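Worksheet for the structure shown next.
Quick note on labels: first sequence line is chain A, next is B, and so on, each numbered from 1. Just so you know, these numbers come straight off a predicted model, no measurement behind them.
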There are 2 protein chains.
Amino acid sequence: MQDLSPQQNVQTSIDEAVVSGILSARIRPGTRLSENEVASLFNVSRTRVREAMMRLEQRGIVKVSPRRGWFVVEPSAEEAISVYAARRVIEAGLLGSMNHLSESGRETLHAHLAEEKAAIAAGDRQRLTCLMGDFHIRIAELSGNPILVEILRDLTARTILISLIYQSDFHAMQSHLGHCRIAAAMEEGDFEKAAALAVEHLDEVETGLDLTRRPDPLADLRRSLSLPPQVPASSNASHKTKP
Amino acid sequence: MQDLSPQQNVQTSIDEAVVSGILSARIRPGTRLSENEVASLFNVSRTRVREAMMRLEQRGIVKVSPRRGWFVVEPSAEEAISVYAARRVIEAGLLGSMNHLSESGRETLHAHLAEEKAAIAAGDRQRLTCLMGDFHIRIAELSGNPILVEILRDLTARTILISLIYQSDFHAMQSHLGHCRIAAAMEEGDFEKAAALAVEHLDEVETGLDLTRRPDPLADLRRSLSLPPQVPASSNASHKTKP
DNA sequence: CTTGCCAGTCTTGTATGCAAGATTTGTCGC
DNA sequence: GCGACAAATCTTGCATACAAGACTGGCAAG
């Protein structure tokens, strides 16, 4: 019983575990995903892991460095720009092609925005990251087009990785307001306006990035050493220079 | 030497061979892709073939039927609708976000339209199918966004499979005129109009489909009977039914 | 003539084994 | 102390082996 449930769904669960880890910002860009380690985590052989990695690579989520290993992608500045441009194109096209917001869709949006508000109030940054991405997936789901949902989910995953690299401050409130404005335009039935707002919103987020900073090879090292949760103040006070 | 050149590019060449075969309409929907056969064709082991199939499956180009085999997808009517809807969204967003057509872009479009004209004049339907899809990829390339190019390439592949199933007549001239109109609007710099024309064009093509016809039942049966690429002489005992 | 069953064969699913490349570490020479 | 070289180790790349499910064909019974 206990080993049945993991076994039967392992086919896709490796993929989903990685994607979900990225969407919830638990997996950082550049994380190494060892075939052996993942294999033992899921109690399968390397074959299955490799197949999952191949799929994830196709989705632009992991990269293989030959004979070195699999790594969660660290989008370059150029790739980041491409991802945001692609999202602008698709989301604008998506909203612009809508002409009706169903009642259940309205409720979905409201429920989501409420969750965002709650996360902001709670200051739960990880959950917030997840929600901020989810908003755009929700919109795609409203279109009822599974292809676009899939595309936007993967682009959202990459967006989160990008923000983890290049985003210094997390303007959660600004993003949340952007989402509110988009939702409001949709409720008004003005989807052209919603599309324009979505483009504007993505522009805002993109300009909030610092694309000049390097992907930072010592990021995970610093992470391993200095922050178990996150303590910027006490880290350098740990080895105080005694007189 | 002779085995070096295939070896080094085999990594992606299986994928590309299949995709290129679909884009040029040489591979029909529902075609079975046996791991063993493909493996011997490329002189590699099944492992590589499997990996390629996994990638292609992720791209929505092939499907695996468990323990039965890999098959080029036969999009259902619903999937066909989704594919066209996705293309409308993306291509409209793409054109709507453009604001400039470079000189080289203009030349690219002209050259492509000339090729379409030539293929129509020559009556080369297979080449025409390929070109009709390529037009939209060219536009994506003009955007300079590799992500969108990749997405549209795969959607185009699926579109071709759809047309092979559901398209009875090939209104080549109509499609070509649609392309010309889109290109003209782009040259005028009126990208909003180009976007609207693209949506209209895709609508035209989609309404030209007969989505009521079933994908498989008589397609591969007719193919098995009437196509003689190879004739298994002794395999069939029912060839003596003449009175 | 039709129908049900059973064995044979063919397919993919999965694991494992071995080889080659990359990194790291330990050691030696300077 | 410092740099370079080499062996050890760890990683993926790829092939192969074996197992299990699905289809095909023949055969027998009704």
Side-chain angles (χ1 to χ4, degrees), chain A residues 3-15 17-18 30-58 61-74 217-218 220-221 224, chain B residues 3-15 17-18 30-58 61-74 216-217 220-221 223-225 230 232-241 243:
Chain A
D3 52 357
L4 190 77
S5 49
Q7 284 283 10
Q8 67 186 85
N9 276 359
V10 152
Q11 300 158 357
T12 78
S13 73
I14 297 177
D15 308 57
V18 174
T31 302
R32 200 169 104 79
L33 296 174
S34 159
E35 290 184 5
N36 278 320
E37 288 178 12
V38 177
S40 41
L41 276 180
F42 284 84
N43 273 84
V44 294
S45 83
R46 279 179 48 220
T47 305
R48 316 270 306 264
V49 178
R50 259 185 94 70
E51 291 172 349
M53 290 299 166
M54 298 275 172
R55 285 189 292 264
L56 291 172
E57 184 181 37
Q58 194 65 46
I61 289 175
V62 306
K63 260 286 190 199
V64 62
S65 179
R67 309 269 178 194
R68 283 180 28 84
W70 295 90
F71 300 89
V72 176
V73 294
E74 297 179 285
L218 50 90
D220 58 339
L221 185 130
S224 306
Chain B
D3 52 358
L4 190 78
S5 50
Q7 283 283 11
Q8 65 187 83
N9 276 358
V10 153
Q11 301 157 357
T12 78
S13 72
I14 297 177
D15 307 58
V18 174
T31 302
R32 197 169 107 79
L33 297 173
S34 158
E35 290 184 5
N36 278 320
E37 288 178 13
V38 178
S40 41
L41 276 179
F42 284 85
N43 273 82
V44 294
S45 82
R46 278 178 50 218
T47 306
R48 316 266 311 257
V49 179
R50 259 184 94 69
E51 291 172 351
M53 291 300 166
M54 298 276 172
R55 285 189 292 264
L56 290 172
E57 183 180 39
Q58 194 65 45
I61 289 174
V62 305
K63 259 287 189 197
V64 62
S65 179
R67 308 265 179 198
R68 282 179 29 85
W70 295 90
F71 299 88
V72 177
V73 294
E74 297 178 286
D216 40 336
D220 59 338
L221 184 124
R223 204 156 43 88
S224 306
L225 292 180
Q230 66 243 8
S234 60
S235 67
N236 201 342
S238 66
H239 63 296
K240 285 277 186 182
T241 54

Tell me the interatomic distance from [X], atom [atom1], to [N], atom [atom2], rounded to whole angstroms.
X	N	atom1	atom2	value
A:F42	C:dT14	CZ	C1'	17 Å
B:N36	D:dA17	CG	P	13 Å
A:M54	C:dG13	CE	C1'	16 Å
B:K63	C:dT11	NZ	C1'	18 Å
A:I14	C:dG13	CD1	P	15 Å
B:E37	C:dC10	CD	P	12 Å
B:L33	C:dT12	CG	P	10 Å
B:M53	C:dG13	CE	P	11 Å

Between OG on residue B:S13 and CZ on residue B:R48, distance to nearest 0.5 Å: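 Rounded to the nearest 0.5 Å, the OG-CZ separation comes to 8.0 Å.
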Rounded distance (nearest 0.5 Å) linking atom CG of A:L33 with atom NZ of A:K63: 14.5 Å
With B:V62, which of B:M53, B:R55, B:M54 fulfils side chain to side chain contact (heavy atoms under 4.5 Å, CB included)?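 Considering B:M53, B:R55, B:M54, a side chain to side chain contact (heavy atoms under 4.5 Å, CB included) with B:V62 is found only for B:M53.
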Determine: side-chain N/O of A:T47 to OP1/OP2 of C:dT14, distance under 4.0 Å, yes or no.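 Answer is no, no contact under 4.0 Å.
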Just N and O in the side chain of A:R50: are any of them under 4.0 Å from OP1 or OP2 of D:dG13? yes
Heavy-atom closest contact (B:D15 atom, B:A52 atom, distance): OD1-CB, 3.5 Å
To the side chain of B:E35, which of C:dT12, C:dT14, D:dT11 is closest?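 That would be C:dT12.
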Taking only the side-chain heavy atoms of B:R48 (C-beta and beyond), determine which of D:dT11, D:dG13, D:dA15 contains the nearest atom.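 When the side chain of B:R48 is considered, D:dA15 is the closest of D:dT11, D:dG13, D:dA15.
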Could you run down nucleotides 17-23 of chain C 5' to 3' and tag each one B, S or - for protein heavy-atom contact under 4.0 Å? B-BBSSS
So A:S65, base contact, sugar-phosphate only, or nothing? Heavy-atom distance under 4.0 Å. nothing
Counting N and O atoms only, with roles assigned by atom type, does the side chain of B:S65 sit under 3.5 Å from a partner on the main chain of B:R68, one being a donor and the other an acceptor? no
Could you pull out all residues at least two apart from A:E35 that satisfy salt bridge (charged side-chain N to carboxylate O under 4.0 Å, His left out)?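 Testing A:E35 for salt bridge (charged side-chain N to carboxylate O under 4.0 Å, His left out), a comparison that skips the adjacent residues, returns A:R46, A:R50.
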